[in-house]
Each structure stands twice: as C-alpha cells, then as structure tokens.
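Here is the structure we will look at, set down as structure tokens.
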Amino acid sequence: MLSFLLHADDRIFCLINSHHTPFFDWLFSTITWLGNGWVIAPLLLFIAFIKIPKRNLAVFITVATIGIVGSSLTNSYIKDQTQRPRPLLHFATKSPDSSLSCRTGYTVHIVGPKLFQRSFPSGHSNTAFCAAALVAFMFGNWFWLAFFPAILVAYSRVYMGVHFPLDTLGGAIVGIVFMVLTLFIYNLLVRRTHDSK
C-alpha cells in the first residue's frame with residue numbers, strides 16, 4: 001500500500017511540476033505567500049473583528065491562536081520525525097531503474113529557494129488550511145470559498161518543486177483536525193460563559 005502511494009505521489013508530482021511557464025512561476029510564487037502566518041494572521045483578525053461578537057472576541061482570538069500554533073508545532077514535529085527528502089533531493093538520489101521514478105533523469109522545476117529536507121507535511125498547506133477551516137466552519141455561507149485559495153497554496157507548493165502532493169495533503173489534514181478541535185473548545189467556552197450569566 002505504501003509503495004503504491006509513493007508511486008502515485010511521484011507521478012502526480014511530476015505531472016504538476018513538469019507543466020510550467022514563466023507566468024505560472026510568477027503566479028504560484030505569489031499565491032504561495034498565502035500560506036505564511038504573517039499574511040494569514042491579519043486576514044483572520046480582520047474577519048474576526050467583523051464577524052465575532054465583542055463579548056466573545058477575546059476568547060475566539062485566544063483559542064484560534066492556540067489552535068494555529070498547536071497545529072504548526074505538530075506539523076513541525078512530524079517533519080522532524082519523518083525527515084522526508086524534498087523532491088529535489090529525492091529525484092537526485094534515486095537510482096535510474098527505480099520503480100517509483102516518473103522517468104529516468106527527471107529534473108525538478110524549482111521556483112524560489114532550493115530545499116532538500118523536511119518535506120512531510122507541508123507547513124504552508126497546514127497554515128492555509130488552518131485558516132480556511134477556521135473561517136469556513138465558524139461562519140459558513142460564502143466563507144466556504146476560503147478552501148479555494150488554500151487548495152491553490154497546496155498546489156503551488158508542488159508546482160514550485162518544494163513538496164509532494166502527499167506532503168500538502170498531510171499538512172491540510174493536520175490543519176483541519178486542529179481547527180475542528182479549536183472550534184469545539186471555543187463553542188464549549190462560549191456556552192459556559194453564557195450559562196454562567
């Protein structure tokens with residue numbers, strides 16, 4: 001099963017990474033910034049100030065911060081434990097006759113810095129899906145569209161040659177799980193606060 005997943009991961013990576021143009025290099029190197037915490041945090045604060053009642057704002061910001069930081073730390077811990085090579089190192093060190101190869105001598109298309117280690121799971125995808133899940137599950141309606149830029153961030157990491165598809169999926173799952181737990185705690189605290197009044 002693992003062999004099949006890694007084989008599919010290689011193939012999908014090459015399919016995405018091998019189709020590139022200068023315009024898409026620029027586009028996805030811009031989109032990938034949406035996976036940075038310093039970009040996400042102001043957006044989340046802006047939405048929170050608009051949508052969250054003032055009496056619940058402090059609780060929401062505290063719980064959301066703990067959830068995002070916890071997700072990020074968990075993501076980093078998994079990276080340290082798995083130490084999966086990045087695509088650049090992975091394809092450079094594979095033997096030509098490997099059954100997992102996309103094709104012999106595949107050259108990874110890199111946009112931005114060359115990274116070699118700690119590939120799984122993707123930190124950018126983790127942050128993007130944390131934010132998307134937070135606003136989508138919290139507010140519903142058109143906020144579900146927040147998953148669209150998160151998916152684009154995940155795609156950009158593969159396009160730019162720094163992550164495999166499974167890396168981005170792993171980051172997304174960690175982020176979503178933490179946000180579900182975060183919102184459960186938030187709702188519990190809000191309910192208790194209201195019940196005590």
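Start at 1 with the first residue, then count along the sequence. The figures here come from the full heavy-atom set of this structure, side chains too, leaving out hydrogens, waters and symmetry mates.
- In this structure, Leu57 is a member of the same hydrophobic cluster as Ile185, with clusters built from ILVMFWY side-chain heavy atoms closer than 4.5 Å.
- Under a 3.5 Å cut-off, the side chain of His163 and the backbone N or O of Ser119 do form a donor-acceptor pair.
- There is no path of hydrophobic side-chain contacts, each under 4.5 Å, that joins Trp38 to Leu73.
- Aromatic rings from Phe137 and Phe184 are positioned such that their centres are separated by 6.0 Å or more.
- Each of Leu181 and Tyr77 belongs to its own hydrophobic cluster when Ile, Leu, Val, Met, Phe, Trp and Tyr are linked at side-chain heavy-atom distances under 4.5 angstrom.
- Following chains of ILVMFWY side-chain contacts shorter than 4.5 Å, one can reach Trp26 starting from Val153, so the two form part of one hydrophobic cluster.
- Counted by atom type alone, Asn17 and Tyr106 present one or more donor-acceptor pairs between their side chains at under 3.5 Å.
- Annotation: side chain of Pro121 is in contact with side chain of Lys79 (closest heavy-atom distance under 4.5 Å).
- Taking the ring centroids of Phe164 and His90, they lie under the 6.0 Å cut-off.
- Side-chain contact between Ile173 and Leu169 is present, with heavy atoms from C-beta onward closer than 4.5 Å.
- Proximity of Phe143 to Ile47: side-chain heavy atoms (C-beta onward) are separated by under 4.5 Å at one or more points.
- Asn36 has its side chain out of reach of Thr127: every pair of non-hydrogen atoms, C-beta onward, lies at least 4.5 Å apart.
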One pair to check against side chain to side chain contact (heavy atoms under 4.5 Å, CB included): Ser18 and Phe13. What are the steps and the verdict? CA-CA 8 Å; Ser18 62; Phe13 171 84; over 6 Å; no
Can you list the steps and then say if Leu189 with Thr62 is a side chain to side chain contact (heavy atoms under 4.5 Å, CB included)? CA-CA 11 Å; Leu189 290 174; Thr62 302; over 6 Å; no
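- The only option from Arg86, Arg84, Arg118 that meets the salt bridge (Lys or Arg N to Asp or Glu O under 4.0 Å) definition with Asp167 turns out to be Arg84.
- Distance check: Ser125 OG to Leu152 CG gives 11.0 Å after rounding to the nearest 0.5 Å.
- Counting only distance, with no hydrogens or angles, the side chain of Thr65 and the backbone of Ile61 share a donor-acceptor pair below 3.5 Å.
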For Phe147 and Phe129: C-alpha separation, side-chain torsions, deciding distance, then whether side chain to side chain contact (heavy atoms under 4.5 Å, CB included) applies. CA-CA 7 Å; Phe147 280 110; Phe129 275 89; 3.9 Å; yes
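- Checking side-chain atoms of Thr82 against main-chain N and O of Phe120 turns up a donor-acceptor pair under 3.5 Å.
- A donor-acceptor pair shorter than 3.5 Å can be found between the side chains of Arg157 and Thr32.
- Pairing each heavy atom of Ser71 with each of Cys130, the nearest pair is OG-SG, 3.3 Å.
- Relative ring orientation between Tyr159 and Tyr155 is described as parallel, the plane-to-plane angle staying below 30° on a 0-90° scale split at 30° and 60°.
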Take Asp25 and His20 through the side chain to side chain donor-acceptor pair (under 3.5 Å) test and state the conclusion after the steps. CA-CA 7 Å; Asp25 286 359; His20 49 82; 5.0 Å; no
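- Taken to the nearest 0.5 Å, the CG atom of Leu45 stands 11.0 Å off from the CD1 atom of Ile50.
- Nearest heavy atom pair, residue Val111 against residue Ser29, reads CG1-CB, 3.9 Å.
- In terms of heavy atoms, Lys114 sits closest to Ile110 at CG-CG2, 4.2 Å.
- No donor-acceptor pair closer than 3.5 Å links the side chain of Asn126 to the backbone N or O of Asn75.
- Formation of a donor-acceptor pair under 3.5 Å by the Thr168 side chain with backbone atoms of Pro165 is found in this model.
- Considering CG of Leu88 and NE2 of His109, their distance stands at 12.0 Å, rounded to 0.5 Å.
- In this structure, CD1 in Ile40 is found 10.0 Å from NE2 in His124, a value given to the nearest 0.5 Å.
- Put simply, Val59 and Ile66 are part of two different groups of oily side chains (I, L, V, M, F, W, Y) that touch within less than 4.5 Å, one to the next.
- Identified under the ring pair (Phe, Tyr, Trp, His ring centres under 6.0 Å) test for residues 45-70, with sequence neighbours left out: Phe60-Tyr186.
- Heavy atoms only, all atoms of each residue included: Val162 and Pro113 are closest at CG1-O, 4.2 Å.
- Looking only at distances, a side-chain donor or acceptor of Asn187 sits under 3.5 Å from a matching main-chain atom of Leu183.
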Verdict with supporting geometry, Arg11 and Leu15, side chain to side chain contact (heavy atoms under 4.5 Å, CB included): CA-CA 6 Å; Arg11 295 282 180 173; Leu15 179 65; over 6 Å; no
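- Distance check: Ser156 OG to Ile151 CD1 gives 12.0 Å after rounding to the nearest 0.5 Å.
- Heavy-atom neighbours of Trp33 CH2 from other residues, nucleotides or ligands within 6.0 Å: at or below the threshold of 12.
- Going from atom CZ of Phe178 over to atom OG of Ser72 covers 10.0 Å, rounded to the nearest 0.5 Å.
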